Amino acid sequence: MEYKYANWVVRLREDSRPRTLVLELTTACNYSCIHCFRFAARDFKVIFMDEQLHRNILDEAKSIGVRRIVYTGWGEPTVHPRFTEFLGLSKKLGFEVAVNTNGSRLDELAESFVELGVDEVYVSIDAFDIKLYGSIRRFGDLSKVTRGLLTLRNVKLRELSVKPVVKAMLTVTKANVGEISKVVDYAVNTGISEIIISGYIPYIGGDLGLDCLGDDGCRREFKEGLSKLSLKILESGIKVTKPLLDPTWTRSCPFASNKALYIRADGLITPCLYYSRSWFTVIKGVKRSIEEVVVGDVRRDKLLDVWRNYSKILLNLDFNNIPSCFNCELQNYCYNTMSNEYDCLGNTPSCSHCPYLHMLSYCPI
């Protein structure tokens, strides 16, 4: 397959294939977090991936050389009734496996994670005060999550296992911006080895008053909190990934760089988590309509065929042929920035205002 790019004719490598599959086991969740964009999706339904579909995906993934499976999505994967069975099958087939979770079932799953050899666990923790945590991650209990982290740490020590590597995800809003300086201390005490800090993505239907990146005062407090972490990072040795609070021309798509495809619980294949549903965002005051981008269906399409047909989007990302709406003085007025339909360079769909591409937020991938 060849594409023309400026003065070049680019041919897709014959051995090109997805390296990572991001699997959404369910859209159900036992939390109701105030910053979660599940509430922004149009025509959103609670569904669970069935066992046969999951098996078929893994078998095909194995046959084409996929190396890594990440369980995450628009729901909490650990509430799927066959979650541990799915994990066991992934590890039995030889995949690297990562799980993104709210940590609510970590205490009861710790033994299984170590026994099965799960490689990474991402735990979302947005406050270190029990009351504040409960107000942000509604129906959640910080003490239960902490107990689960300690159990996992102790099981790893008992079994002399370095796996799973535990990483914390912190999404910053106006409600918890003051918690940033506490995250390293919490990580040291609970066995977390890496912290990934993201900015909140505001959306229609959510509390727009939570937007920190769109508020000059909150953004200053955000920067100050990140600055205070520097000495603690040096002392602890814990890795901290920070967001770019003021977008630059530096861009990196996590799905493109990890050669990843996203598969929804209903079997539809999309380029990424962000474009897997239709919803509305409001980033830095600009309301945008995000339409879902479906590139295939695992029930009828071969993953390798989908990957090769989708590679035109990858080409633009790999060659950095994507404009930046966040650095454009017309971002508040240009029609192109109001949706992900296309951009001023003719790319369709457009990634020019994706917060993950601009590293305002990070995916657990």
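Note that the coordinates shown come from a computational prediction; the quantities given were computed from them, not determined experimentally. Counting begins at 1 with the first residue of the sequence.
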>> Can you tell me if the gamma sulfurs of C36 and C29 sit closer than 2.5 Å?
In response: no
> Of V183, L152, V166, V123, which meets side chain to side chain contact (heavy atoms under 4.5 Å, CB included) against I192?
Replying inline: V166
> So among T84, V155, L87, which one has a side chain to side chain contact (heavy atoms under 4.5 Å, CB included) with F113?
Replying inline: L87
> If you measure from the Lys or Arg side-chain nitrogens to the Asp or Glu carboxylate oxygens, is any gap between K174 and D211 under 4.0 Å?
Replying inline: no
>> Side chains of N102 and N30: any donor to acceptor distance under 3.5 Å?
In response: yes
> What about F139 and Y31, are their ring centers closer than 6.0 Å?
Replying inline: no
> Taking NZ, NE, NH1 and NH2 as the nitrogens, is one of them in K91 or D119 under 4.0 Å from a carboxylate oxygen of the other?
Replying inline: yes
> Which atoms form the tightest heavy-atom contact between S276 and T270, and what is the distance?
Replying inline: CB-OG1, 3.5 Å
> Between D305 and R308, is there a side-chain N and carboxylate O pair less than 4.0 Å apart?
Replying inline: no
>> Quick check: closest heavy atoms across V286 and M338, and the distance to 0.1 Å?
In response: CG1-SD, 4.1 Å
> Is any side-chain N of the basic residue among E108 and K144 closer than 4.0 Å to the acidic one's carboxylate O?
Replying inline: no
>> Testing the basics here: between T348 and Y342, what is the closest heavy-atom pair and its distance to 0.1 Å?
In response: CB-CB, 4.2 Å
> Within the side chain of T337, is there an N or O that forms a donor-acceptor pair under 3.5 Å with the backbone of C325?
Replying inline: no
> Looking only at atom types and distance, does a side-chain atom of N176 sit under 3.5 Å from a main-chain N or O of D126, one as donor and one as acceptor?
Replying inline: yes
> Does the pair R42/E291 count as a salt bridge with the N-to-O cut at 4.0 Å?
Replying inline: yes
>> Below 30° counts as parallel, above 60° as perpendicular, anything between as tilted: where do the rings of F37 and W279 land?
In response: tilted
>> Do P243 and M359 make a side-chain contact, defined as non-hydrogen atoms from C-beta onward lying under 4.5 Å apart?
In response: no
>> How about CZ on F44, more than 12 heavy atoms from neighbouring residues, nucleotides or ligands closer than 6.0 Å, or not?
In response: yes
> CZ of R158: more than 12 outside heavy atoms within 6.0 angstrom?
Replying inline: yes
> Do K182 and E179 sit within salt-bridge range, that is, some charged N less than 4.0 Å from a carboxylate O?
Replying inline: yes
> Within a strict 4.5 Å, meaning less than it, do heavy atoms of the I197 and L229 side chains meet?
Replying inline: yes
>> Measuring only between side-chain heavy atoms, which start at C-beta, is F86 closer than 4.5 Å to F83?
In response: no
>> Determine whether a donor-acceptor pair (N or O, by modelled atom type, separation under 3.5 Å) exists between the side chain of S361 and the backbone of G199.
In response: yes
> Judged by modelled atom types alone, do T101 and E76 share a side-chain donor-acceptor pair under 3.5 Å?
Replying inline: yes
>> What I want to find out is whether K223 reaches D246 closely enough, with some N-O distance under 4.0 Å, to be called a salt bridge.
In response: yes
>> Checking the side chain of T190 only, and the main-chain atoms of T146 only, is there a donor and an acceptor separated by less than 3.5 Å?
In response: no
> So do N100 and Y71 actually touch side chain to side chain, heavy atoms under 4.5 Å?
Replying inline: no
> Can you find a heavy atom in the side chain of I263 that is under 4.5 Å from one in the side chain of V22?
Replying inline: no
>> With disulfide (SG to SG under 2.5 Å) as the criterion, how do C334 and C328 come out once you've worked through the C-alpha distance, each side chain's angles and the decisive distance to 0.1 Å?
In response: CA-CA 9 Å; C334 176; C328 178; over 6 Å; no
> Please walk me through it: do S324 and R251 pass side-chain contact (heavy atoms from CB on, under 4.5 Å)?
Replying inline: CA-CA 9 Å; S324 173; R251 299 189 291 276; 3.8 Å; yes
>> Less than 4.0 angstrom from a charged side-chain N to a carboxylate O is my criterion; do K92 and E85 meet it?
In response: no
> Does any N or O in the side chain of D266 come within less than 3.5 Å of the main-chain N or O of M49, such that one atom is a donor and the other an acceptor?
Replying inline: no
> side-chain hydrogen bond (donor to acceptor under 3.5 Å, both in side chains) between S350 and N340: does it pass, once the steps are laid out?
Replying inline: CA-CA 5 Å; S350 168; N340 63 330; over 6 Å; no
> Is the backbone N or O of L93 less than 3.5 Å from a side-chain atom of K62, with the two atoms forming a donor-acceptor pair by type?
Replying inline: yes
> Is it true that R264 and E24 have a side-chain N and a carboxylate O under 4.0 angstrom from each other?
Replying inline: no
>> I'd like to know if the side chain of T281 and the backbone of I283 have a donor-acceptor N/O pair within less than 3.5 Å.
In response: no
>> Quiz question: by atom type and distance under 3.5 Å, do the side chains of Q52 and N56 form a donor-acceptor pair?
In response: yes
>> Please determine whether a side-chain nitrogen of the Lys or Arg among R55 and D59 lies less than 4.0 Å from a carboxylate oxygen of the Asp or Glu.
In response: yes
> For R299, does the CZ atom sit with more than 12 other heavy atoms under 6.0 Å from it, leaving out its own atoms?
Replying inline: yes
>> To check you understand the geometry: which heavy-atom pair defines the closest contact between I196 and Y122, and what is its length?
In response: CD1-CE2, 3.7 Å
>> Keeping H80 on the side-chain end and R82 on the backbone end, is there a donor-acceptor pair under 3.5 Å?
In response: yes
